[in-house]
Amino acid sequence: MASGYNHKLIEGKWQKVWDDNKAFAATNDFSKPKYYALVEFPYPSGQGLHVGHPRPYTALDIVARKRRMQGYNVLYPMGWDAFGLPTENYAIKNKIHPKEVTKTNVARFKEQLHSLGYSFDWDREINTTDSDYYKWTQWIFLKLFKEGLAYKKEMPINWCTSCKVGLANEEVVNGVCERCGSEVVRKVKSEWMLKITEYADKLIEGLDGVDYIERVKVSQKNWIGRSTGAEVDFAIKGKEEKLRIYTTRCDTLFGVTYMVVSPEHPYLDQFKSEIKNWDEIVAYREQASKKSDFERAELAKDKTGVCIDGLTAVNPVNGKEVPIWVSDYVLMSYGTGAIMAVPAHDERDWEFAKKFGLPIIQVVAKDGEEVDVNEAAFTDVATGVLVNSDFINGLEVKDAKTKMIEFLEEKGIGQAKVNYKLRDWVFSRQRYWGEPIPIVECEKCGFVPISEDELPLLLPEVDSYEPTDNGESPLAAMTDWVNTTCPCCGGPAKRETDTMPQWAGSSWYFLRYTDPTNKEALAGKEALKYWLPVDWYNGGMEHTTLHLLYSRFWHKFLYDQGVVPTSEPYQKRTSHGMILGENGEKMSKSRGNVVNPDDIVRDYGADTLRTYEMFIGAFDLSASWSEDGVKGCRRFLERVWKLQDIVTDEDGFSKDMETKMHQTIKKVSSDFESLKYNTAIAAMMSLVNDFYKKNTVTKDEFKTLIVMLNPVAPHITEELWSLKNYGGYVYEQTWPEYDEAKTVESTVEIAVQINGKTRATVAIAKDADRDSVISIAKETLGDRLTGNIIKEIYVPGKIVNIVAK
RNA sequence: GCCGGUGUGUCGGAAUUGGCAGACGAGGCAGACUCAAAAUCUGUUGCGGGCAACCGCGUAUGGGUUCAAGUCCCAUCACCGGCACCA
């Protein structure tokens with residue numbers, strides 16, 4: 001009898017063997033086929049690893065280990081996205097340098113990941129806060145700046161009146177400061193921006209050539225929010241200036257009954273003298289500017305606004321005069337900051353018109369049916385047909401749009417225009433713990449980039465990490481660092497004191513892994529050419545819109561610069577579901593349902609944790625933790641362990657197990673590729689159950705099981721392999737092959753139905769012909785088959801259905 | 001409100017994409033081992049009826065297509081996640 005399965009004795013031992021052997025290092029042999037598997041690198045928080053982390057890491061560890069056994073040169077790296085607010089806040093609170101906090105947290109994370117037996121190539125570990133790393137983050141920024149894609153702009157920020165600090169949106173909870181609970185207002189500050197909007201079309205088009213799960217593609221497209229419409233110039237009565245608006249429904253131009261401009265619209269100030277109710281307008285504008293984003297959202301339903309007394313717009317298609325209103329439901333940041341209002345065919349305009357008693361004119365009718373636009377706006381484009389609209393009457397919406405645009409362009413009063421919801425990326429943070437922005441401001445030369453050979457621009461040591469009273473970054477207080485000379489004219493200049501956001505370092509990290517120690521470039525050309533694109537990238541749904549979009553943007557920019565060889569960074573993108581607490585709620589300290597992976601590793605072992613997290617349910621859906629489920633997986637591994645007592649010396653698969661073996665290899669092989677880890681494990685459990693039913697396993701059957709199980713449970717399988725003296729290591733073995741012909745049983749059980757209801761099952765030879773199967777089926781049914789047979793259906797290998805009346 | 005996702009035993013979840021619903025795991029029940037418990041092993045386990053072979057009902061709800069529907073179509077409901085007036 002073998003001694004019991006003791007994970008504590010074997011897991012550390014094998015982790016050391018893998019480290020000593022450098023078992024999982026990617027080689028620089030670029031002639032081998034490559035496979036680049038990537039998981040999102042974690043932010044090393046003070047809480048340590050969460051049980052949610054191992055889910056994606058194990059999934060791609062399985063893929064990476066399997067690919068190595070299939071002969072690929074695999075790159076499966078890990079690193080640390082270590083800049084960020086929580087570290088800085090912790091540093092402020094505890095008066096420890098963020099660098100020290102990061103170091104401690106990274107050490108803890110690394111130890112925890114190590115204890116789970118991942119096959120990461122630790123020689124390629126990176127950290128976004130290393131100056132050797134952020135040198136290249138800064139280098140990319142300089143490139144962007146030189147290409148005109150980085151610019152400064154006045155932007156409103158969230159400002160805590162009590163802490164006197166700018167806050168990220170995530171720090172504003174219900175309109176108040178997360179930390180002190182005081183009021184948060186908007187304050188205008190000059191910020192660095194990146195022109196991601198310039199890449200909007202490329203970011204949409206690029207999605208066609210990549211293999212992302214559908215919902216990721218959909219949310220990327222929605223976030224970019226491309227809409228095709230038209231800009232139209234409305235005359236302002238008695239003025240030279242035109243009021244330019246953006247619309248996606250230029251077909252409804254004949255239904256315009258009023259106009260709306262946003263409270264920030266420049267015409268308000270420009271035509272101040274003509275506006276008779278200026279005081280009212282100013283008051284409204286004040287009120288609107290005070291509203292936080294939160295309040296605007298809260299009051300979304302209730303429209304407010306003021307009619308401008310003194311300005312009138314003229315509809316360019318019919319010469320009709322309409323009033324101009326000011327309302328905060330029109331945003332300055334989208335389109336032109338002004339709209340034409342067609343209450344009959346837009347819900348927001350309809351609500352506004354109802355509230356202020358403005359006329360509603362129908363210009364689109366539903367396909368032959370009456371619609372009462374006084375009851376609700378009619379917005380259906382698919383069935384709409386134009387009415388009351390002069391030269392476009394009777395046209396469908398789509399054709400009416402085309403014709404109207406032709407008309408507008410011909411008359412010079414408007415043109416087709418594409419707009420995006422996507423905003424440029426606010427790239428400044430008034431914080432210490434981030435990459436310094438390598439720009440100086442010279443009185444004479446303006447913003448000047450520092451020279452590339454001065455990179456990295458090191459983050460200087462400061463006395464305090466607290467932001468300053470006026471909302472500047474702590475770096476602003478360091479006068480001897482801030483005051484410098486202009487690289488251009490040599491005159492006095494000041495350094496930029498804002499730092500980059502956390503998204504910066506994570507926008508290109510996958511490039512650095514390919515060649516992490518390169519001093520001359522962010523990575524060598526040859527390495528980039530070989531390893532890119534990432535073959536499979538897995539990460540959370542929460543990063544679909546920001547991180548994924550930002551990194552695709554940088555990558556596309558670098559591609560245009562000739563720095564990287566592919567236009568897309570990631571060939572395949574998948575997302576995992578969250579792991580919830582036992583009660584089905586999100587794990588959190590306050591709910592008291594947090595599970596610490598260290599405890600599971602200690603009590604059950606890393607292999608059990610890995611197996612359980614893969615078995616817990618469909619990979620892309622969220623799943624609730626269950627300690628009983630963990631025990632079940634441990635029990636399975638114990639049963640695998642004890643198989644060693646019934647293994648024979650026999651080669652090959654035994655006759656009665658042959659089909660099952662081939663079926664299992666096939667199932668496990670394909671399930672590992674398609675995120676169906678749970679059913680792959682179920683198949684191996686079922687195989688083990690069959691071994692016990694027979695109470696014997698041949699050497700080759702056992703070896704095959706060990707190799708297939710190895711990616712999931714690497715420690716126990718190495719131990720069993722070594723105990724049995726099979727020679728070498730499991731990780732060096734070749735992934736088992738199956739024979740398609742041998743996955744089919746020689747006799748199959750098929751269902752026999754009468755009128756679609758199963759009445760019996762019969763065993764038939766797999767190649768039995770239709771007639772004989774049907775006659776066997778009828779024989780089996782005997783008396784139960786009554787009435788006239790109308791139809792006989794035979795689906796080979798599956799079912800016989802006799803239709804009788 | 002819009003976008004996306006999900007509804008299957010007591011629970012987590014399977015179902016080769018239209019072909020025997022409930023694989024695998026958990027839990028329950030019964031038994032073996034044990035002084036006993038735990039662990040382990042064996043059997044059983046969707047609901048209802050029948051001694052039984054069997055029969056009826058069952059995949060959120062209502063309808064439809066089909067020889068055959070968890071799977072396809074139409075409508076409805078519930079829950080989860082994201083976004084908030086994007087003209």
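In what follows, chains are A, B, ... by sequence order, proteins preceding strands, each numbered from 1.
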**Prompt:** Using a cut-off of 4.0 Å on non-hydrogen atoms, how would the nucleic acid contact of A/Glu749 be classed: base, sugar-phosphate, or nothing?
**Reply:** base

**Fill in**
As its Watson-Crick or G-U partner within any shown strand, both distances under 3.5 Å, B/G62 has B/C74

**Item:** Identified pairing partner of B/C29, criterion: Watson-Crick or G-U wobble below 3.5 Å
**Value:** B/G43

**Request:** Identify whether any heavy atom of A/Thr248 sits under 4.0 Å from a base atom; if not, whether one sits that close to sugar-phosphate; answer base, sugar-phosphate or nothing.
**Result:** sugar-phosphate

**Message:** Tell me the interatomic distance from A/Lys221, atom NZ, to B/C83, atom C1', rounded to whole angstroms.
**Reply:** 18 Å

**Message:** Are A/Tyr334 and A/Tyr420, when compared by the centres of their aromatic rings, separated by less than 6.0 Å?
**Reply:** no

**Prompt:** Given that A/Asn755 and A/Ile799 both sit by RNA chain B, which one's nearest nucleotide is further toward the 5' end?
**Reply:** A/Ile799

**Criterion salt bridge (Lys or Arg N to Asp or Glu O under 4.0 Å) on A/Lys401 and A/Asp251, from CA distance to verdict** = CA-CA 5 Å; A/Lys401 281 185 186 175; A/Asp251 57 303; 5.1 Å; no

**Asked** Which label fits B/G9, syn or anti, where anti is any glycosidic angle not within 90° of 0?
**Response** syn

**Asked** Which base sits across from B/C51 as a Watson-Crick or G-U pair, both distances under 3.5 Å?
**Response** none

**Message:** Reading RNA chain B from 5' onward, which residue's closest nucleotide shows up sooner: A/Thr545 or A/Phe619?
**Reply:** A/Phe619

**Interatomic distance at C1', B/G9 relative to B/C29, whole Å** = 16 Å

**Protein-nucleotide distance (A/Met685, atom CE; B/A14, atom P), rounded to Å** = 14 Å

**Request:** For B/U8 and B/C57, measure between their P atoms and round to the nearest Å.
**Result:** 22 Å

**Message:** Once you apply a heavy-atom cut-off of 4.0 Å, does A/Ser327 come out as touching a base, just sugar-phosphate, or nothing?
**Reply:** nothing

**Prompt:** When you compare B/G4 with B/C54, how far apart are their C1' atoms, in angstrom units rounded to a whole number?
**Reply:** 47 Å

**Request:** Pick out which of A/Trp325, A/Tyr258, A/Trp350 makes a ring pair (Phe, Tyr, Trp, His ring centres under 6.0 Å) with A/Phe356.
**Result:** A/Trp325

**Complete:** Partner of B/C24 under the Watson-Crick or G-U wobble criteria, both distances under 3.5 Å, comes out as B/G12

**Item:** Residue among A/Tyr677, A/Tyr604, A/Phe636, A/Trp625 satisfying ring pair (Phe, Tyr, Trp, His ring centres under 6.0 Å) with A/Tyr612
**Value:** A/Trp625

**Request:** Would you state whether a donor and an acceptor, one from the side chain of A/Lys798 and one from the base of B/C20, lie under 3.5 Å apart?
**Result:** no

**Request:** Would you tell me if any nitrogen or oxygen in the side chain of A/Arg759 comes within less than 4.0 Å of OP1 or OP2 on B/C54?
**Result:** no

**Message:** Base, sugar-phosphate or nothing for A/Gln753? Non-hydrogen atoms, less than 4.0 Å.
**Reply:** base

**Message:** By the 4.0 Å heavy-atom rule, please label A/Arg226 as base, sugar-phosphate, or nothing.
**Reply:** nothing

**Residue matched to B/A84 through Watson-Crick or wobble contacts both under 3.5 angstrom** = none

**Request:** Using the C1' atom as the reference point in each nucleotide, state the distance between B/G62 and B/A78 in Å, no decimals.
**Result:** 15 Å

